Amino acid sequence: MRFSPVAESTRMRPLWKNPKKMPCNALRRGYFWNNRNPLLMSKPKTAISPTRAENYPEWYQQVVKAADLAENSDVRGCMVIKPWGYAIWENIQRHLDAMFKATGHENAYFPLFIPMSFLEKEAEHVEGFAKECAVVTHHRLEPDGQGGLQPAPSAKLEEPLIVRPTSETIIGATFARWVQSYRDLPILINQWANVVRWELRTRMFLRTTEFLWQEGHTVHATEEEARAETKQMLDVYADFAESVMAMPVIKGEKTAGERFPGAVATYSIEALMQDRKALQAGTSHFLGQNFAKAQEIKFQNVEGELQYAWTTSWGVSTRLVGGLIMTHSDDDGLRLPPRLAPAQIVILPVHRNDEERAIVMQHCETLKLELAAQQYAHEPIRVRIDDRDLRGGDKRWQWIKRGVPLILELGPRDIADEKVFVKRRDIEGKGDAVPRSEIVSTVANRLAEIQQALFDRAKALRTEATIEIDTLDKFEEFFTEDSPGGLAYCHFVDSPTMEAKLKELKCTVRCVPFDGPIESGKCIFTGEPSDRRGIFARAY
RNA sequence: CGGGCUGUAGCUCAGCUUGGUAGAGCGCUGCGUUCGGGACGCAGAGGUCGCAAGUUCAAAUCUUGUCAGCCCGACCA
């Protein structure tokens with residue numbers, strides 16, 4: 001997740017002022033800022049370097065930086081989410097929160113710290129999380145005698161606390177007190193929180209040591225109801241991903257190996273990124289009675305019998321922002337779907353002197369008010385005027401890199417012509433002059449078109465990258481190092497043979513899609529009979 | 001936890017082999033010319049060379065120790 005030193009330095013800057021002295025490697029590989037490499041001058045200039053085709057992971061890092069979304073912090077593996085990035089997360093929260101409320105859930109907040117013994121209660125859960133937990137062992141610091149501090153030996157905790165990697169255990173313990181009768185059920189709770197998983201390799205938004213998420217936890221009287229809840233929330237996620245994020249997803253069930261520790265069934269939405277790697281964008285778990293038994297969540301049913309409850313949990317995280325970036329962005333930076341854009345429209349005033357400035361600003365303010373009075377997707381349109389004292393080109397490129405869907409320019413010439421210059425971020429090119437009289441009435445439509453266009457483009461890419469494979473040879477060919485890869489639908493039966501082959505190919509089973517047809521086939525790894533295809537892909 | 005590497009200006013780095021006034025690009029500040037697709041010129045500000053000890057008349061440079069970080073592997077939303 002750190003910017004690699006190579007990329008930050010040599011690749012971005014002209015190391016050799018005299019082109020004749022440049023090593024030819026550097027020339028060929030385009031190690032030049034803004035592609036000013038003299039040998040590549042014919043190539044269109046892009047705001048992000050390297051391009052997606054040249055070096056996808058590095059491109060991703062550069063987009064995060066150029067779009068001003070986040071930066072690395074002084075704490076290893078943790079990022080600072082900057083205002084523009086956080087505003088995107090806030091929009092994600094706002095939409096999801098409304099959807100959770102609409103399905104009957106309420107927000108609550110549980111402790112950051114979990115007694116270690118809680119984690120120990122569910123055996124598989126221990127297995128799954130123990131290795132990556134941050135542990136709190138002391139509650140006081142004292143001088144170490146050398147000008148520094150140390151945890152006070154006298155302040156050692158009797159039982160260590162772990163920083164929550166997820167809250168099933170502590171919420172379960174709480175629910176155990178809340179539930180006595182079938183009349184107390186269901187319990188439908190959501191929590192917006194931060195969690196910590198001490199990952200060794202981190203990447204901005206996609207995998208950081210601390211991340212922000214939402215975790216829903218529910219308790220039900222019956223298995224059917226809990227299963228329905230699990231599916232319902234997966235549907236909520238899928239709906240959100242597709243309609244708000246414009247990110248096409250596939251709903252499916254995880255295999256045993258990919259299941260949440262302690263769950264009976266794990267469902268996920270899977271998205272395909274532009275480098276043809278899959279991203280798990282959200283998960284929903286049917287926990288059966290496993291956690292209820294571990295946490296003693298019991299209730300008396302109508303007949304007066306004591307029963308274990310059925311629980312679920314489901315979550316999405318700031319990882320969605322990573323998915324958003326990799327789904328829509330291009331070689332000029334971020335492209336935001338209008339429904340999530342912190343600013344859907346930025347107006348750039350163009351003026352050269354104070355006299356012009358006064359006139360232009362007045363027109364900009366009026367335009368802003370008219371636009372903001374319009375609605376898109378049942379919300380007032382979000383408009384900003386950028387009147388910072390910067391050169392026009394710089395400013396314009398900043399907003400392009402930040403992914404604002406519509407950039408409007410308004411200068412003396414436009415005012416004279418009664419026009420506004422409009423640039424759609426999702427379309428190549430400089431933009432068009434639109435009559436001032438039309439811009440306000442058509443703006444909601446324009447945003448809707450952008451939203452749809454981004455979705456369509458992403459979906460087309462996925463369709464192009466999707467294939468059905470029925471032989472191991474073809475499978476291996478599809479996932480060789482040089483092959484672009486993608487989503488492979490294959491018959492399979494979970495087995496050690498398969499696991500070994502997948503590991504060799506750096507490939508994973510993403511899920512067994514719900515909408516896949518039931519058809520008889522043979523596992524491409526073992527030849528055993530199978531009736532469903534699974535989706536295989538390299539993944540984040 | 002194994003293997004490789006790096007700590008010098010806000011950022012990215014050069015300088016170290018062969019010890020002798022602390023460097024570049026970008027960024028930042030000011031002034032001027034520019035300005036509707038990423039401007040240019042001039043003038044500035046900015047550093048206990050990760051930390052500690054040692055060798056030396058003299059250490060960014062050599063030696064030892066120490067701390068931190070990065071990359072590649074095994075694990076993961």
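Naming: A, B, ... by sequence-line order, numbering from 1 per chain. As the structure is a computational prediction, the values presented were derived from the model and not from experiment.
Using atom C1' as the reference point in both B/A60 and B/G23, the two lie 12 Å apart (nearest Å). One P atom belongs to B/C26, the other to B/C40, and the distance between them is 9 Å to the nearest Å. Look at the C1' atom in both B/U18 and B/U61: the space between them is 10 Å, to the nearest Å. B/G20 and B/C13 have their P atoms separated by 24 Å, with the value rounded to a whole Å. Comparing B/A14 with B/A77, their C1' atoms are spaced 41 Å from each other, to the whole Å. Of the P atoms belonging to B/A39 and B/G27, the separation is 10 Å, rounded to the nearest Å. Comparing B/G65 with B/C49, their P atoms sit 22 Å apart, to the nearest whole Å. Rounded to a whole angstrom, the distance from the C1' atom of B/U34 to that of B/C72 is 49 Å.
Each of A/Asn194, A/Val195, A/Val321 was checked for a side-chain contact (heavy atoms from CB on, under 4.5 Å) with A/Leu212, and the lone residue meeting it is A/Asn194.
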Sequence neighbours left out, cut at 3.5 Å: what donor-acceptor pairs do the side chains of residues 251-266 of chain A make with other protein atoms?
from: A/Lys251; atom 1: NZ; to: A/Asp235; atom 2: OD1; distance (Å): 2.8
from: A/Lys254; atom 1: NZ; to: A/Glu270; atom 2: OE2; distance (Å): 2.8
from: A/Lys254; atom 1: NZ; to: A/Gln280; atom 2: OE1; distance (Å): 2.9
from: A/Lys254; atom 1: NZ; to: A/Arg510; atom 2: O; distance (Å): 2.9
from: A/Arg259; atom 1: NE; to: A/Val264; atom 2: O; distance (Å): 3.3
from: A/Thr266; atom 1: OG1; to: A/Phe260; atom 2: N; distance (Å): 3.0
from: A/Thr266; atom 1: OG1; to: A/His285; atom 2: ND1; distance (Å): 2.9

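Regarding A/Glu58, its CD atom lies at a distance of 13 Å from the C1' atom of B/C71, rounded to whole Å. Here B/U29 presents its P atom at 10 Å from CG of A/Asp389, a figure rounded to the nearest Å. If you measure from atom CD of A/Glu168 to atom C1' of B/A77, you get 12 Å, rounded to the nearest angstrom. For A/Arg76 and B/C67, the CZ to P distance is 15 Å, given to the nearest whole Å. For A/Lys423 and B/G38, the NZ to P distance is 14 Å, given to the nearest whole Å. Atom C1' of nucleotide B/A77 and atom CE of A/Met273 are separated by 13 Å, given to the nearest angstrom. One can place CD of A/Gln61 at 18 Å from P of B/C11, the figure rounded to the nearest angstrom. Protein atom CG of A/Asp74 is 13 Å distant from nucleotide atom C1' of B/G10, rounded to whole Å.
With sequence neighbours excluded, the residues satisfying side chain to side chain contact (heavy atoms under 4.5 Å, CB included) with A/Gln150 are A/Glu142, A/Asp144, A/Pro153. Remark: A/Arg384 engages no residue in a salt bridge (charged side-chain N to carboxylate O under 4.0 Å, His left out) (not counting sequence neighbours). Judged as a ring pair (Phe, Tyr, Trp, His ring centres under 6.0 Å), and not counting sequence neighbours, the contacts of A/Trp213 are A/Phe211. For A/Phe479, the ring pair (Phe, Tyr, Trp, His ring centres under 6.0 Å) test picks out A/Phe475, with sequence neighbours left out. Take A/Arg164 and apply the salt bridge (charged side-chain N to carboxylate O under 4.0 Å, His left out) test, not counting sequence neighbours, and it matches no residue.
Side-chain contact of A/His105 with A/Glu229: a donor-acceptor pair under 3.5 Å is present, judged by distance alone. With no hydrogens or angles considered, a side-chain donor-acceptor pair links A/Thr218 and A/Thr312 at under 3.5 Å. Side chain to side chain, A/Asn190 and A/Gln214 meet the donor-acceptor criterion of an N or O pair below 3.5 Å. Donor-acceptor pairing under 3.5 Å is recorded for the side chains of A/Glu215 and A/His217.
Less than 4.0 Å separates RNA chain B from at least one heavy atom of each of the following residues of residues 312-329 of chain A: A/Ser317, A/Arg319.
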Tabulated below should be each protein N or O lying under 3.5 Å from an N or O of nucleotides 31-36 of chain B; please produce it.
from: B/G36; atom 1: O2'; to: A/Arg413; atom 2: NH2; distance (Å): 3.3
from: B/G36; atom 1: O6; to: A/Pro412; atom 2: N; distance (Å): 3.0
from: B/G36; atom 1: O6; to: A/Arg413; atom 2: N; distance (Å): 2.6
from: B/G36; atom 1: N1; to: A/Gly411; atom 2: N; distance (Å): 3.4
from: B/G36; atom 1: N1; to: A/Asp414; atom 2: OD2; distance (Å): 2.3
from: B/G36; atom 1: N2; to: A/Asp414; atom 2: OD1; distance (Å): 3.2
from: B/G36; atom 1: N2; to: A/Asp414; atom 2: OD2; distance (Å): 2.2

Identify all pairs in which a protein N or O lies below 3.5 Å from an N or O of nucleotides 74-76 of chain B, and state each distance.
from: B/C75; atom 1: OP1; to: A/Lys503; atom 2: NZ; distance (Å): 3.0
from: B/C76; atom 1: O2'; to: A/Glu199; atom 2: OE2; distance (Å): 2.7
from: B/C76; atom 1: O2; to: A/Arg207; atom 2: NE; distance (Å): 2.2
from: B/C76; atom 1: O2; to: A/Arg207; atom 2: NH1; distance (Å): 2.8
from: B/C76; atom 1: O2; to: A/Arg207; atom 2: NH2; distance (Å): 2.6
from: B/C76; atom 1: N3; to: A/Arg207; atom 2: NH1; distance (Å): 3.4

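When heavy atoms are screened at a 4.0 angstrom cut-off, A/Leu206 is found touching base atoms of the nucleic acid. A/Gly429 comes within 4.0 angstrom of a nucleotide base, judged by non-hydrogen atoms across all strands.
The residue among A/Pro261 and A/Gly431 whose nearest nucleotide of RNA chain B lies closer to the 5′ end is A/Gly431.
Stem list for RNA chain B (at least 3 consecutive Watson-Crick or G-U pairs, distances under 3.5 Å): B:1-7 with B:67-73, B:10-13 with B:23-26, B:28-33 with B:39-44, B:50-54 with B:62-66.
You'll find that the side chain of A/Asp394 is closest to B/A39, out of B/A39, B/G37, B/G69.
Listed by first and then second residue, the salt bridge (charged side-chain N to carboxylate O under 4.0 Å, His left out) pairs that reach into residues 347-367 of chain A are A/Arg357-A/Asp387, sequence neighbours excluded. Pairs engaging residues 264-283 of chain A under the ring pair (Phe, Tyr, Trp, His ring centres under 6.0 Å) rule: A/Tyr267-A/Phe514 [sequence neighbours left out].
Aromatic pair A/Trp89/A/Trp84: centroids not less than 6.0 angstrom apart.
Between atom CE of residue A/Met99 and atom CE of residue A/Met233 there is a gap of 8.5 Å, rounded to the nearest 0.5 Å.
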